[in-house]
Engineer: 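First, the structure itself, so that you have it in front of you.
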Amino acid sequence: MEAAQWLADYQERLERVAYGARAASASLNEVGASATSPRGEVTVSVNAAGVLGDVRLTPAARKLDVDALAVLIVSTAREAQRMAGERMTEVMASYLGEGDALQRIVAEVRR
């Protein structure tokens, strides 16, 4: 293979990788999750990294004592984070395919 052809092929591969990285980044920016407590008192939203974005309380939440409400908020946030982690893993699987890189992401999400 000539040097010019090799360089052109290499440039094309780099462009595909860069495009894939931009597409994955855009997809991850759209990933997030919301979870609602079993009886609907609390709804929590998080982004792809699991960072809290919003907490909504219904009037039923006012009937709970403060400690019970705190526990409910935390457990609902954890569920939203778990859901966001699953979605992030799905997005990354579509770009990375099965393999070591995906397994590392899955392990990190589970931690």
Side-chain angles (χ1 to χ4, degrees):
M1 176 182 298
E2 289 183 35
Q5 182 61 45
W6 180 89
L7 189 56
D9 290 347
Y10 186 71
Q11 180 66 31
E12 183 180 325
R13 281 185 299 213
L14 288 176
E15 289 172 5
R16 281 195 310 262
V17 168
Y19 175 80
R22 285 190 302 274
S25 178
S27 295
L28 287 174
N29 283 335
E30 296 174 13
V31 171
S34 293
T36 301
S37 61
R39 292 179 296 187
E41 304 95 336
V42 175
T43 298
V44 176
S45 299
V46 299
N47 67 14
V51 175
L52 189 64
D54 190 32
V55 176
R56 297 201 182 262
L57 305 174
T58 65
R62 293 187 186 135
K63 297 176 184 172
L64 300 172
D65 75 47
V66 175
D67 292 334
L69 181 57
V71 168
L72 192 58
I73 291 170
V74 170
S75 64
T76 305
R78 285 187 178 141
E79 176 61 14
Q81 290 167 333
R82 184 195 63 74
M83 293 167 59
E86 285 181 3
R87 290 182 181 155
M88 184 182 74
T89 300
E90 291 169 4
V91 167
M92 293 309 297
S94 68
Y95 291 101
L96 298 174
E98 294 296 324
D100 289 342
L102 182 61
Q103 292 309 314
R104 287 182 185 186
I105 290 171
V106 169
E108 196 60 35
V109 166
R110 288 185 180 151
R111 260 191 3 195

Engineer: Are Leu72 and Val44 connected in a single hydrophobic cluster, I mean Ile/Leu/Val/Met/Phe/Trp/Tyr linked by side-chain heavy atoms less than 4.5 Å apart?
Structural biologist: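 Per the 4.5 Å side-chain linkage, Val44 and Leu72 are co-clustered.
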Engineer: Does Leu14 belong to the same Ile/Leu/Val/Met/Phe/Trp/Tyr cluster as Tyr19, with side-chain heavy atoms less than 4.5 Å apart forming each link?
Structural biologist: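 As far as the 4.5 Å side-chain criterion goes, Tyr19 and Leu14 are not connected within one cluster.
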Engineer: For Thr76 and Val55, run side chain to side chain contact (heavy atoms under 4.5 Å, CB included): C-alpha distance rounded to whole Å, both residues' side-chain angles, the deciding distance at 0.1 Å, then the answer.
Structural biologist: CA-CA 10 Å; Thr76 305; Val55 176; over 6 Å; no
Engineer: If you compare all heavy atoms of Ala33 against all heavy atoms of Ala84, which two are closest, and at what distance to 0.1 Å?
Structural biologist: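 For Ala33 versus Ala84, the nearest heavy atoms are CB-N, 3.6 Å.
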Engineer: Tell me which one of Leu57, Leu64, Ile73 satisfies side-chain contact (heavy atoms from CB on, under 4.5 Å) with Glu41.
Structural biologist: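 Answer after filtering Leu57, Leu64, Ile73: Leu64.
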Engineer: Do you know the tightest heavy-atom contact between Val46 and Ala80?
Structural biologist: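 Minimum heavy-atom contact is CG2-O, 3.5 Å.
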Engineer: Within a radius of less than 6.0 Å around CZ of Arg16, do more than 12 heavy atoms belonging to other residues, nucleotides or ligands occur?
Structural biologist: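 Yes, CZ of Arg16 has more than 12 neighbouring heavy atoms, counting only those of other groups under 6.0 Å.
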Engineer: Start with the C-alpha distance between Thr43 and Asp54, add both sets of side-chain angles, then the distance that settles side chain to side chain contact (heavy atoms under 4.5 Å, CB included), and finish with yes or no.
Structural biologist: CA-CA 8 Å; Thr43 298; Asp54 190 32; over 6 Å; no
Engineer: Which residues satisfy the salt bridge (charged side-chain N to carboxylate O under 4.0 Å, His left out) test with Glu15, sequence neighbours excluded?
Structural biologist: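 Expected list: none.
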Engineer: Of the non-hydrogen atoms in Leu69 and Ala61, which two are nearest, and what is the gap between them?
Structural biologist: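 Shortest heavy-atom separation between Leu69 and Ala61 comes out as CD1-CB, 3.9 Å.
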Engineer: If you round to the nearest 0.5 Å, how far is CZ of Arg87 from CE of Met83?
Structural biologist: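 Rounded to the nearest 0.5 Å, the CE-CZ separation comes to 4.5 Å.
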Engineer: List the atom of Met88, the atom of Val31, and the distance in Å for their closest heavy-atom pair.
Structural biologist: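 Closest heavy-atom pair between Met88 and Val31: N-CG1, 3.9 Å.
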Engineer: Under 4.0 Å between a side-chain nitrogen and a carboxylate oxygen: does that hold for Arg82 and Glu79?
Structural biologist: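 Salt bridge flag = yes for Glu79 with Arg82.
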